[in-house]
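Shown next, in structure tokens, is the structure this report addresses.
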Amino acid sequence: RLRKWQERIRTKDAGERNLQFALSEIDRMASALGVPRSVREVASVIYRRALKEDLIRGRSIEGVATSALYAACRKEGIPRSLEEISEVSRVERKEIGRTYRYISQELGLEMKPVDPKKYVPRFCSELKLSEEVQSKANEIIETTAEKGLLSGKSPTGYAAAAIYAASLLCNEKKTQREVADVAQVTEVTIRNRYQEQIEAMGIHG
Amino acid sequence: MTDPKETINIENVVASTGIGQELDLQSVAMDLEGADYDPEQFPGLVYRTQEPKSAALIFRSGKIVCTGAKSTDDVHESLRIVFDKLRDLDIQVEEDPEIVVQNIVTSADLGRQLNLNAIAIGLGLENIEYEPEQFPGLVYRLDEPEVVALLFGSGKLVITGGKRPKDAEEAVDKIVSRLEDLGLLE
DNA sequence: GCTTTAAAAAGTAACTT
DNA sequence: AAGTTACTTTTTAAAGC
């Protein structure tokens with residue numbers, strides 16, 4: 001009986017240690033990403049729910065913690081791409097995506113697709129582009145998305161192309177490479193989305 | 001207007017069978033030309049047929065999996081070739097081993113562009129999976145028939161998981177009527 | 001869970017030319 | 001910039017790690 005009691009304590013301690021590790025990892029990654037405290041709190045709640053629903057079995061703690069943070073960023077309306085998230089995690093992008101989809105489905109998070117406009121302020125700020133460019137980029141995204149151009153396209157690539165187009169229209173040109181670097185997409189993707197967008201907008205650049 | 005059902009095309013049929021006899025894959029690999037066998041990598045021996053085109057995975061237990069065929073008839077034809085090749089190697093093969101179709105992959109075209117964002121909301125976020133950062137298709141799981149559909153912005157779709165060609169037809173009908181009810185088609 | 005096989009859809013990426 | 005190749009998703013059986 002003493003042994004069983006010790007085992008329970010040991011198990012409880014192990015569980016506590018794992019939870020503490022997961023929460024400290026969420027904190028570390030959140031700091032590295034520079035997201036507000038509210039996001040860490042939402043991520044913690046998602047992680048604890050996943051723990052309660054026994055979704056971590058067969059998966060790494062770090063993988064679930066990273067996925068919870070990715071989901072939290074989206075829930076709070078300040079999404080980070082899987083590429084950005086994977087840079088501060090030791091879990092690879094593909095695994096984060098898989099785990100995220102799994103916990104999202106199991107916890108019924110009902111995540112809406114990411115709106116490309118959510119990336120505009122941060123990307124434009126990193127590129128030191130004006131408020132005017134941001135507004136123009138948002139207008140391009142809104143107008144072209146309404147025409148159905150967004151279906152199936154990556155939100156980061158879509159936002160990057162709109163920002164590139166807006167920078168040209170506002171005479172604050174940034175090169176495709178500069179925009180591609182902050183959005184972490186290729187120039188080819190920007191070129192392809194850009195062509196579709198300016199055509200749908202009836203612009204000739 | 002073309003009925004989407006008429007655009008259905010079977011792209012791949014997966015079936016399993018067995019010759020009812022254990023095999024020494026090492027010797028089969030030596031005698032069967034074109035056979036790929038690397039037990040360190042995968043326990044099955046891979047044998048490809050040219051006409052009809054398919055790939056057969058042959059196991060030590062004598063069980064066989066056939067993939068890549070474009071119809072259930074092609075599955076039978078491909079496996080007949082595999083059985084005969086094994087017989088040529090003096091391996092006893094039952095007269096006609098039971099062949100079970102395990103999965104049929106189909107493609108189809110709804111004929112109009114789809115707004116996947118609207119469909120994701122319309123069909124209910126809890127029932128679908130749409131993560132364009134990871135894959136451009138919207139994943140829609142149906143209960144009856146029990147298949148998985150991948151819907152694309154172009155209006156093209158893929159139906160997989162079915163065991164009968166009819167499963168894909170029923171799935172396309174249900175998808176079309178649901179999208180029409182939601183006013184998301186056309 | 002992974003390994004292998006086939007196939008479609010469309011997007012993205014990494015190469016070479 | 002174009003072209004090629006390859007990887008993402010889904011499904012399914014098989015035997016073994």
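Just so it is clear, the values below take in all heavy atoms, side chains as well, and ignore hydrogens, waters and symmetry mates.
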*Find which nucleotide of DNA chain C each of B/N103 and A/R59 is nearest to by heavy atoms, and output the residue with the more 5' nucleotide.*
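This one resolves to A/R59.
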Would you kindly compare B/F135 and A/V185 by the position of their nearest DNA chain C nucleotide and give the one closer to the 5′ end?
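Of the two residues, B/F135 wins.
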Rounded [atom1] spacing from [N] to [M] in Å:
N     : M      : atom1 : value
D/dG3 : C/dA8  : C1'   : 22 Å
D/dT9 : C/dA13 : P     : 15 Å
D/dA2 : C/dA9  : C1'   : 23 Å

Under 4.0 angstrom, heavy atoms only, what part of the nucleic acid is [X] near: base, sugar-phosphate, or nothing?
X      : result
B/G44  : nothing
A/Q184 : sugar-phosphate
B/V148 : sugar-phosphate
A/R98  : sugar-phosphate
B/S107 : nothing
B/S54  : nothing
B/S61  : sugar-phosphate
A/R93  : nothing
B/V100 : nothing

task = Indicate whether the side chain of A/S86 and that of A/S89 have a donor and an acceptor atom separated by less than 3.5 Å.
result =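 Distance-only check fails for A/S86 and A/S89.
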Under 3.5 Å side-chain donor-acceptor pair for B/S16 and B/Q102: yes
Taken to the nearest 0.5 Å, the spacing of A/S167 OG from A/K173 NZ works out to 7.5 Å
- Considering heavy-atom distances to DNA chain D, does B/N12 or B/F59 have its closest nucleotide positioned more toward the 5' end?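 That would be B/N12.
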Residue whose closest nucleotide on DNA chain D lies nearer the 5' end, B/G62 versus A/R191: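 This one resolves to A/R191.
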Under 4.0 Å from OP1 or OP2 of [N]: is there any side-chain N or O of [X] that close?
X      : N      : result
A/R193 : C/dG11 : no
B/R141 : D/dT11 : yes
A/K153 : C/dA10 : no
B/S154 : C/dA10 : yes
B/R60  : D/dG16 : yes

Go through the steps to decide whether B/L79 and B/H76 satisfy the test side-chain contact (heavy atoms from CB on, under 4.5 Å), and finish with yes or no. CA-CA 5 Å; B/L79 283 170; B/H76 284 80; over 6 Å; no
Pairs under 3.5 angstrom only: tabulate donor-acceptor contacts from the side chains of residues 42-54 of chain A to other protein residues two or more places apart or in another chain.
from, atom 1, to, atom 2, distance (Å)
A/S44, OG, A/R40, O, 2.8
A/R49, NH2, A/L107, O, 3.0
A/D54, OD2, A/R57, NH2, 3.1

Ring-face cation contact, A/Y102 with A/R59, 6.0 Å cut, 45° max:
yes
Self-check item: Presence of donor-acceptor pair under 3.5 Å, side chain of B/T160 and base of D/dT11
Solution: yes
Of the listed C/dG11, D/dA15, D/dA13, the closest approach to the B/T67 side chain comes from D/dA13
